[in-house]
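Structure first, then comments.
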Amino acid sequence: MIIQRVVLNSRPGKNGVPVAENFRLEQSTIPDTVQEGQVRVRTLYLSVDPYMRCRMNEDTGSDYLLPWQLSEAADGGGIGVVEESKHNNFAKGDFVTSFKWPWQTVAVLDGSLLQKLVPQLVDGHLSFFLGPAGLTGLTALLGIKEKGHVSAGANQTMVVSGAAGACGSLAGQIGRLEGCTRVVGIAGTDEKCSILVSEMGFDAAINYKKGNVAEQLRELCPGGVDVYFDNVGGDISDAVINQMNQNSHIILCGQISQYNKDVPYPPPLPPEVEKVQKERNITRERFLVLNYMDKHEASVIQLCQWIREGKLKVGTFTFNPWALITFAAFQSMMNGGNIGKQIVSVSK
């Protein structure tokens with residue numbers, strides 16, 4: 001069977017900025033029949049995420065991320081429909097997902113890699129299982145619960161950097177739902193900031209490209225910062241940490257500003273900022289949502305309930321047709337995406 005796939009054509013280098021030419025769209029073939037335990041799936045959606053920038057390097061800098069191989073199909077979160085199955089858990093027509101979905105139109109996968117989806121949980125919006133009801137939503141919810149120590153009635157202020165991105169836009173809303181009394185986002189355009197306040201329920205938003213972030217934080221968070229959902233690292237995070245209260249908490253979700261640099265993860269703080277962190281007993285620990293698999297099912301049900309009730313607003317960009325995947329990957333890994341999440345639709 002002839003298929004189309006996107007492969008890694010070249011590496012940008014640890015300190016390089018990705019370009020579209022790092023990817024290549026090509027034709028390939030897969031077997032016409034499936035073996036026992038396998039499933040043939042037609043790809044419907046692929047998720048494009050900033051962490052994938054690390055997978056473009058031969059050394060990802062992480063023990064849980066494998067590098068993409070040159071001239072091999074990229075992979076990540078995906079959703080598809082079963083066309084043929086020789087696995088007891090799946091039948092033709094089932095919708096399935098995997099974190100190891102190859103970037104190709106049709107694939108033959110080991111059934112053990114797949115999970116069956118229930119479209120009714122998200123009112124038929126299958127792509128939500130790659131975003132607000134998937135790993136992205138789980139990262140926001142479990143990050144806040146496990147590392148944010150948010151408590152209803154505690155009068156806590158949360159700040160979210162990268163607030164217009166996939167995790168950030170959800171994290172601010174979930175922080176409010178979990179009990180924060182004030183939520184402030186940091187984003188890169190006036191339009192994004194406006195959407196965060198008018199549609200996502202943030203109390204205020206800072207355009208970090210305009211004015212002094214530290215001064216705006218002091219004005220918008222007069223009682224200091226109790227919880228910081230950190231998506232970006234760098235100078236923005238340094239400014240937030242300086243405004244944090246005693247015994248406050250950093251949820252270390254991502255460090256987008258550092259992904260095109262050869263630095264360890266998490267990147268070390270400047271000495272003066274590290275001093276503030278230690279003196280104020282601010283927690284800053286690595287967070288990996290895959291370490292909380294036992295809490296995934298209940299958390300997905302909670303996320304789906306909030307979505308159906310309209311309590312969790314969803315921002316998703318869908319790219320179509322298939323050829324736009326290279327552009328979407330390039331754009332997302334360069335700047336961490338836009339409002340919500342970038343989903344590539346490869347259905348015809």
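We use all heavy atoms of the structure for the numbers below, so side chains are in, but hydrogens, waters and symmetry mates are not. Since the structure is predicted, the reported quantities are computational estimates derived from the model, not experimental observations.
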- Are any non-hydrogen side-chain atoms of Val34 and Ser85 less than 4.5 angstrom apart?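 Of all side-chain heavy-atom pairs linking Ser85 with Val34, none is under 4.5 Å.
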- Query: Below 4.5 Å, heavy atoms only, C-beta onward: do Asn245 and Val225 meet side chain to side chain?
  - Reply: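 No. Closest side-chain heavy atoms not under 4.5 Å.
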Are any side-chain N or O atoms of [X] and backbone N or O atoms of [Y], one a donor and one an acceptor, separated by less than 3.5 Å?
X      : Y     : result
Asn9   : Glu21 : yes
Asp110 : Gln38 : no
Arg55  : Gln69 : no
Arg24  : Leu8  : no

- Query: Between atom NE2 of His249 and atom CD1 of Ile144, what is the distance when rounded to the nearest 0.5 Å?
  - Reply: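 Taking NE2 in His249 and CD1 in Ile144, the distance rounds to 13.0 Å.
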Could you pull out the closest heavy-atom pair between [X] and [Y], with the gap in Å?
X      : Y      : result
Leu220 : Ile206 : CD1-CG1, 3.5 Å
Arg176 : Phe202 : NH2-C, 4.4 Å
Gly77  : Trp101 : C-CB, 4.2 Å
Asn231 : Cys253 : OD1-SG, 3.3 Å

- Message: Over 60° means perpendicular and under 30° means parallel, so tell me whether Phe128 and His125 are parallel, tilted or perpendicular.
- Response: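 If you compare the ring of Phe128 with that of His125, the planes turn out parallel.
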- Query: If you measure from the Lys or Arg side-chain nitrogens to the Asp or Glu carboxylate oxygens, is any gap between Glu178 and Lys145 under 4.0 Å?
  - Reply: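 Yes.
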- Message: Could you check whether Glu58 pairs with Lys14 (Lys NZ or Arg NE/NH1/NH2 to Asp/Glu carboxylate O, under 4.0 Å)?
- Response: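 No.
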- Mark yes when over 12 heavy atoms from residues, nucleotides or ligands other than Gln246 sit less than 6.0 Å from its CD; otherwise mark no.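 Yes, the 6.0 Å shell around CD holds more than 12 heavy atoms from other groups.
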- Matching residue for Trp68 among Asn22, Thr60, Asp75 - test: side chain to side chain donor-acceptor pair (under 3.5 Å):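 So, applying the side chain to side chain donor-acceptor pair (under 3.5 Å) to Trp68 and each of Asn22, Thr60, Asp75, only Asp75 qualifies.
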